[in-house]
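Before any comments, here is the structure.
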Amino acid sequence: MVRVRFAPSPTGFLHVGGARTALFNYLFAKNQNGVFVLRIEDTDLERSTLESEQSLLRTMKWLGLHWDEGPDIGGPKGPYRQSERLDIYRRMAYALVEKGKAYEAYVLPEELEAMRGKMLENKESPRYSHETIAQYDTPERRQEFAQKGWSPVVYFKMPQKEYVLNDRIKGRVVFKGGTTGDFVIFRSTGIPVYNFAVVVDDALMEITHVIRGDDHLTNTLRQLALYEAYQMPLPEFAHVSMILGPDGSRLSKRHGATAVENFREMGYLPESLINYLALLGWSHPQENEICALNEMIRAFSLERVSSNPAIFDSGKLLWMNGMYIRQLTPEALLEKAVPFIIETGYIAPENVDVNKKWLLEAMKAIQNGIHQLDEVGELLSPFFTDPIPTAEALRSLEDDRLSAAFKLLYERFDSIPSWEINEIISVIKAVVKDTKVNPKPFYHTLRLALTARDTGPELVHVVHLLGRNKVLNRLGRLEV
RNA sequence: GCUCCCGUCGUCCAGCGGUCUAGGACAUCGCCCUUUCAAGGCGGAAACCGGGGUUCAAACCCCCGCGGGAGCGCCA
């Protein structure tokens, strides 16, 4: 049985990079009929917060990445929050001490810092050997620690040998021996260190495939040594490359929106975000671009995950969101757009239902003009405000024929028997035909007169949605 | 500095020794459709980091350079 996990630390919003890692884990699990585990890595007491954890879970659910075992729903291998597993880590750490594969250290942080500084000064790579740390393990020190109530940290004795990782994405990775010194696995505070906790958890939770960002690739060396020390079976590893910003450096806030939450607020659909993220590193065997989650699950394999870093292309995401918006029925679009409409204040929440018919038509009209849901406010604005075009913009009305056409248009609209789309179309076409006006400037000016904008939904829809009163009013004040 | 990863159009990917005069998508440019803009349709321009090997044959394999990224914490 395949078991994978996504293990974020609750120190902020879910990042698009994290979302992609979660997605790959999810796709792999579902493709293999396996189990997707969510584990919260909250061993950094300083930065972890419950709010972050909750927002993480909320965002994952919004994306549709549902987990089978996790902190909120439990499962057979829990608990799924590292802060609730502290006794396990202590037991596991001291099991290693007993076997002589780890040891308590009585060094002071300042002493370590000094050693580190000296090594860097000598242009050596900073690493500590068993001997350098053990020299502080004196009876005096032990006594001092006991008196002051300090606990020693536990160091892992790193074997100075070569390790080989057969990564499912990177291939064969050889870590030369002697490049990494002993490292802390258990803090004096009773809290384990990441590299140790992941190994313990992945092993105990029976994770079969570790799919994660390749910023963890070099950490894997330490983890391999730990698995070996415990003589535990190794999971498969698959290291996915990083997502970079447009300048080629690791994607961060200074590149703009990076939190999934930001994209939700801007009116991105979870489907398009998921689809885009999947394509950032993975490719469908038939090179499909627009691809539903079910199809991604069916077609997913680690073999098709690229090993080179990817630059986040917000332009392509925008295009893709537009594609998904256009696939929506007007009803579905309205449902998703309602929060954004309410935010504009044009329609009160309690009036949405009453205006449903009008809103649906409006959705139909704006549907292929938007790429983000938060554009609905701007698109709808001419219907709820009374924008007045500048005289400059309407200068083309100085043309006699155009001005005659508008006069005629006003009269015909005024006397139109019913305000139906078909009627409106024929009136407009008839006016163009009868006055022999040049269509392009005519339509453009009409749009300006009604909305004070150069762009927007189809004109017939604008006219119809506006209603006769507003249309006559806005046409009537033109100086023609 | 040391260790590890990566290197095909501006960007994401396809390519896994001959089928490559290198394919798709976004962006870009042009044309068509149309009721302006958009959406849609059609077409164009655009890339194998450099140098050595291996081979009858290399974008694909090996080595060296160069460039980019990551890790080297009692952070995760």
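The chains referred to below are lettered A, B, ... by the order of the sequence lines, with proteins before strands, and numbering in each begins at 1.
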- Query: Can you list, by residue number, the residues of residues 361-378 of chain A that have a non-hydrogen atom closer than 4.0 angstrom to RNA chain B?
  - Reply: A:Asn368, A:Gly369, A:His371

- Task: Treat primed atoms plus P, OP1 and OP2 as sugar-phosphate and everything else as base, then score nucleotides 58-67 of chain B 5' to 3': B for base contact with protein heavy atoms under 4.0 Å, S for sugar-phosphate contact only, - for none.
- Result: ----------

- Query: Between A:Lys170 and B:C5, is there a side-chain N or O to OP1/OP2 distance below 4.0 Å?
  - Reply: no

- Item | A:Asn195 side chain, from C-beta outward: closest of B:C5, B:A14, B:A76 | B:A76

- Task: Check every atom of B:C74, B:U35, B:A25 against the side chain of A:Tyr155 and return the nucleotide holding the closest atom.
- Result: B:C74

- For A:Glu228, check side-chain contact (heavy atoms from CB on, under 4.5 Å) against everything at least two apart and list the hits. A:Pro159, A:Lys161, A:Tyr163

- For RNA chain B, the residues among residues 237-246 of chain A that have a non-hydrogen atom under 4.0 Å from it: none

- Note on the structure: Which of B:U11, B:C4, B:A25 is nearest the side chain of A:Ile311? It is B:U11

- Message: Suppose we call a contact any N or O donor and acceptor under 3.5 Å apart; does that hold for the side chain of A:Ser188 and the base of B:C74?
- Response: yes

- When you compare B:G30 with B:A46, how far apart are their C1' atoms, in angstrom units rounded to a whole number? 15 Å

- Message: Taking pairing as Watson-Crick or G-U wobble with both contacts under 3.5 Å, can you name the mate of B:C20, or confirm there isn't one?
- Response: none

- Message: I'd like to know if A:Asp313 reaches the base of B:A27 with its side chain, counting only an N/O donor and acceptor under 3.5 Å.
- Response: no

- Item | Parallel, tilted or perpendicular, as decided by the 30° and 60° cut-offs, for the rings of A:Phe24 and A:Phe300 | tilted

- Task: Using a cut-off of strictly less than 4.0 Å, decide whether A:Asn308 has a side-chain nitrogen or oxygen near OP1 or OP2 of B:C12.
- Result: no

- With respect to the side chain of A:Ser307, which nucleotide from B:C74, B:C75, B:C6 is positioned closest? B:C6

- Query: Would one find a side-chain N or O of A:Thr179 under 4.0 angstrom from OP1 or OP2 of B:C2?
  - Reply: no

- Message: Taking only side-chain N and O atoms of A:Arg39, does any of them lie within less than 4.0 angstrom of OP1 or OP2 on B:A76?
- Response: no

- Side chain of A:Trp319: nearest nucleotide among B:U3, B:A76, B:A25? B:A25

- Task: Using a strict 4.0 Å threshold on nitrogen-to-oxygen distance, state whether A:Asp202 and A:Arg39 make a salt bridge.
- Result: yes

- Item | Non-neighbouring partners of A:Asp434 that pass side-chain contact (heavy atoms from CB on, under 4.5 Å), sequence neighbours left out | A:Leu408, A:Arg412, A:Ala430

- By a strict heavy-atom criterion of less than 4.0 Å, which residues belonging to residues 80-94 of chain A are in contact with RNA chain B? none

- Is it the case that A:Thr21 and A:Arg212 place a side-chain donor and acceptor less than 3.5 Å from each other? no

